[in-house]
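Contents: one structure, followed by commentary.
Heads up: numbering here begins at 1 and tracks the sequence.
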Amino acid sequence: MGSSSSGNGGEAPEIAEAGHLQLLSSIIPSHESERISLIHHYSHAFKGFSAMLTENEASVLAGHDGIVSIFRDPILQLHTTRSWDFLEASSGMQNKHKHPPLSSDVIIGMIDTGIWPESPSFNDDGIGEIPSRWKGVCMEGYDFKKSNCNRKLIGARYYDSIQRTYSNNKTHMAKPDDSPRDFDGHGTHTTSIAAGAKVANVSYHDLAGGTARGGSPSSRIAIYKACTLDGCSGSTILKAIDDAIKDGVDIISISIGMSSLFQSDYLNDPIAIGSFHAQQMNIMVVCSGGNDGPDLYTIVNSAPWIFTVAASNIDRDFQSTVLLGNGKTFQGSAISFSNYNRSRNYPLALGEDVAAKFTPISEARNCYPGSLDTQKVAGKIVVCTDDDLNIPLQIKKLVVEDARAKGLILVSEDETVVPFDSGTFPFAEVGNLSGLQIIKYINGTKKPTATILPTRDVPRYRPAPTVAYFSSRGPGQYTENILKPDIMAPGVAILAAVIPEKEAGSVPVGNELSGYAIKSGTSMACPHVTGAAAFIKSFHHGWSTSMIKSSLMTTATIYDNTGKPLQNSSHHFANPHEVGVGEINPLKALNPGLVFETTTEDYLQFLCYHGYSEKNIRSMSKTNFNCPRISIDRLISNINYPSISISNLDRHKPAQTIKRTVTNVGCPNATYISRVHAPVGLEVKVFPKKIAFIEGLTRVSFKVLFYGKEASSGYNFGSVTWFDGRHSVLLSFAVNVE
């Protein structure tokens, strides 16, 4: 129902709630009066509510004045140590940079599955008193006490989650999970990546050993448990965002999102709505971009006011060795605590050679459930292929394991370099080239044998970073005139804190539960950016959210640790629809030289250009904002964003001109010269080519002209870099020539 004025001495929440109940009573029949109640009531940053309505009632309600949008409550998905050392090493500054003591006043709100407060990653040693501006609470639950909070973990909320099933048109109310405690491990993992304290000598059962720490170890943490075992309700996420704003957080981190197949436009997307109002109050919202890659148009959480994150690998890999009976060895990606050694081999068989009766060969080859003959499989290592992505790897592993196999070798067309955790079950994933040689050995040998050795760390892995295979790709589905994702951060095989919960068969014999585990996903990349943003804010308290976002984007790394341009998972050079502007470089971002400030007015103009009504935009902003006289989609490219995207550059028309304004946050007297990096055929000109700052002049505008007459059809990628001899300010662009 638009922006709230309660934060400015406006309508009290109790009065607003009474008005919402009165509105409900006008559309819900009196004989169903028990439904005249609010599931969630939003009042601090924005007005609104969630309630149980029929389709017809929702339609009637949509016609009322003051309703900006009304939509069915969606269920959103989770986007499931060394990484920080790698980011510092890649900046070349790890031994040169001396920082003053970090402020511990930055507060990060984590909206996720809860937290395991006993983890050493959340101890408050050396952290001062809780900031007086903090207005949040530490809610108690059946297994969570106020004493579980401390000077590090300063707030914890949970919600009476309402889950629903639509079978027989009946709504099912799930039992609330009455505690902020993490039930899954996802929230604990993401929180410790963003702001975990330094914890020495941790590992995942001797893998990835070292010191675990978050990106901003001094920051405070507030937990908003918005997910249950049934998923993450959009209405609950909205309530968590509203509470986080009211409580006084500086940054909100959300490793959750819509499915890329069922995205909603900005005014029907709970994360987009909540984060818009957070941004209005100078609170940054960082979100994962989704795990539906490598297909194009799969990026989610792509509103321009959201900091959208893609995932990369780091310079460490985990590999298991496959040793064949003929002595040949192959390296496969895995996290497997196999107890096998070189002294004993096991019979080796292809999935189709141990198929159950009447099973199609293609199903047995892919290890479908029910496709294998248990008697034929028992005691053998089975080779399966991965050309049917409808069957998750976890299922294939269970199929083979349940058939009493001795191990699984998976042949993957795209060697994804995302190690799968098979616990103690022997496992390795090899690429096509290695797979063909293994298959050739099986077909040419009377009694083929093999063994799978336990996983080992592979340090100094190259190339890194590269785009993770699963990381969702741009362009955005709702506008291609904003470049998405924004940036890339480590999200493959990240060691961080989890629930110390024993799962049968997952822990090596004799090992204790470690409380740390290795996970992959844009879920893990998102809190890396959250931690980096908190790190920058701890030095630059007065910077706005857009200044911090710009500083991270314009200083991003565009080369890997071999000195070559970043690559994707197919070993081709990556483009901005995969990496955004590049890999985060938090240390360099402390001193970016120039920043692009994207204001609330920019975002309101974006909504105009996107086609939303002036009435709704005014309601959302609580202003008398007027849309520009000409409001068309192509003008979105002109909002002052720290990257450029043009969805349609007509080669038969004159140049398209894009304007940007930069703010000097470096030396007061500085002169920057532009350099253009563009593909052959795309003509790019910058006016002026040189910009100068003096005392009292901190903001300067420039124009970039794009001519597509000789350019290749489709997307062309490049960049404009401003350089003053000390700072390189990168402005990446994506231009679709038609």
Side-chain angles (χ1 to χ4, degrees), residues 39-40 42 46 48-50 69-80 109-114 157-166 171-172 174 176-177 182-191 223-244 252-278 285-293 297-303 305-311 470-472 476-478 484-485 491 519 521-527 530:
I39 297 168
H40 293 300
Y42 316 114
F46 49 94
F49 59 87
S50 60
S69 62
I70 181 166
F71 52 94
R72 185 186 286 262
D73 188 2
I75 298 296
L76 282 67
Q77 308 164 337
L78 297 169
H79 288 153
T80 262
M110 302 293 300
I111 299 178
D112 215 298
T113 63
R157 290 182 184 268
Y158 64 92
Y159 300 89
D160 289 350
S161 179
I162 308 296
Q163 302 296 341
R164 49 234 144 307
T165 59
Y166 295 112
T171 300
H172 167 65
D177 190 0
D182 195 352
F183 61 90
D184 175 86
H186 187 275
T188 299
H189 202 267
T190 55
T191 303
I223 301 303
Y224 300 84
K225 182 179 175 181
C227 301
T228 70
L229 288 166
D230 296 313
C232 311
S233 149
S235 63
T236 305
I237 291 170
L238 257 180
K239 181 63 176 170
I241 294 173
D242 196 36
D243 282 342
I252 295 173
S253 188
I254 308 177
S255 289
I256 302 166
M258 295 265 198
S259 161
S260 63
L261 296 175
F262 305 105
Q263 291 192 56
S264 297
D265 75 277
Y266 307 115
L267 295 193
N268 291 306
D269 178 342
I271 293 179
I273 293 167
S275 56
F276 176 84
H277 294 290
V285 180
V286 186
C287 291
S288 48
N291 299 340
D292 292 336
Y297 296 98
T298 51
I299 194 77
V300 298
N301 295 326
S302 60
W305 48 84
I306 293 173
F307 206 171
T308 313
V309 187
F470 57 76
S471 187
S472 289
Q477 288 184 24
Y478 283 95
K484 290 287 176 170
K519 292 178 181 283
T522 53
S523 275
M524 284 66 246
C526 168
T530 304

Exercise. Where is the tightest heavy-atom contact between Phe470 and Gly491, given as atom of each residue plus distance?
Worked result: CZ-O, 3.7 Å

Exercise. Do you know the tightest heavy-atom contact between Pro74 and Met258?
Worked result: CG-CE, 3.9 Å

Seminar exercise, completed: d(Ile75 CD1, Phe262 CZ) to nearest 0.5 Å is 13.5 Å

Problem set entry | Heavy-atom side-chain proximity of Asp269 to Tyr478 below 4.5 angstrom | no

For this session: Can you see which heavy atom on Cys287 is nearest to which on Val285, and at what distance?
Result: SG-CG1, 3.9 Å

Seminar exercise, completed: CD1 (Ile273) and CD1 (Ile241) are apart, to the nearest 0.5 Å, by 9.0 Å

Exercise. If you measure from CD1 on Ile254 to CE on Met110, what distance do you get to the nearest 0.5 Å?
Worked result: 9.5 Å

Exercise. Side chain of Thr308, backbone of Pro485: donor and acceptor closer than 3.5 Å?
Worked result: no

Exercise. Counting N and O atoms only, with roles assigned by atom type, does the side chain of Ser50 sit under 3.5 Å from a partner on the main chain of Ser235, one being a donor and the other an acceptor?
Worked result: no

Exercise. Which distance, rounded to the nearest 0.5 Å, do you find between the CD1 of Ile237 and the OG of Ser275?
Worked result: 11.0 Å

Exercise. So, Thr113 side chain and Gly187 main chain: donor-acceptor pair closer than 3.5 Å or not?
Worked result: yes

Exercise. Does the Cys232 SG fall under 2.5 Å from that of Cys227?
Worked result: yes

Problem set entry | Donor-acceptor under 3.5 Å (Lys484 side chain, Ala303 main chain) | yes

Seminar exercise, completed: Test ring-ring contact (aromatic ring centres under 6.0 Å, His included), reference His277, set Tyr42, Trp305, Phe46, output is Phe46

For this session: Kindly indicate, with the supporting measurements, whether the criterion side chain to side chain donor-acceptor pair (under 3.5 Å) is fulfilled by Asp292 and Ser260.
Result: CA-CA 7 Å; Asp292 292 336; Ser260 63; 2.7 Å; yes

Exercise. Just by modelled atom types, is the Ser288 backbone N or O under 3.5 Å from a matching donor or acceptor in the Asn301 side chain?
Worked result: yes

Problem set entry | Heavy-atom pair of closest approach, residues Ser253 and Pro527 | OG-CA, 4.1 Å

For this session: Side-chain contact test, heavy atoms from C-beta onward, threshold under 4.5 Å: evaluate it for Asp184 versus Leu78 and give yes or no.
Result: yes

For this session: Tell me yes or no: between the side chains of Asn291 and Thr522, is some donor less than 3.5 Å from an acceptor?
Result: yes

Problem set entry | Note, Thr190 side chain near Met524 side chain (heavy atom, < 4.5 Å) | yes

Problem set entry | Point-to-point distance, once rounded to the nearest 0.5 Å, from CG of Asp243 to NE2 of His40 | 9.5 Å

Exercise. Can you tell me how far CD1 of Ile271 sits from CG of Leu76, rounded to the nearest 0.5 angstrom?
Worked result: 5.0 Å

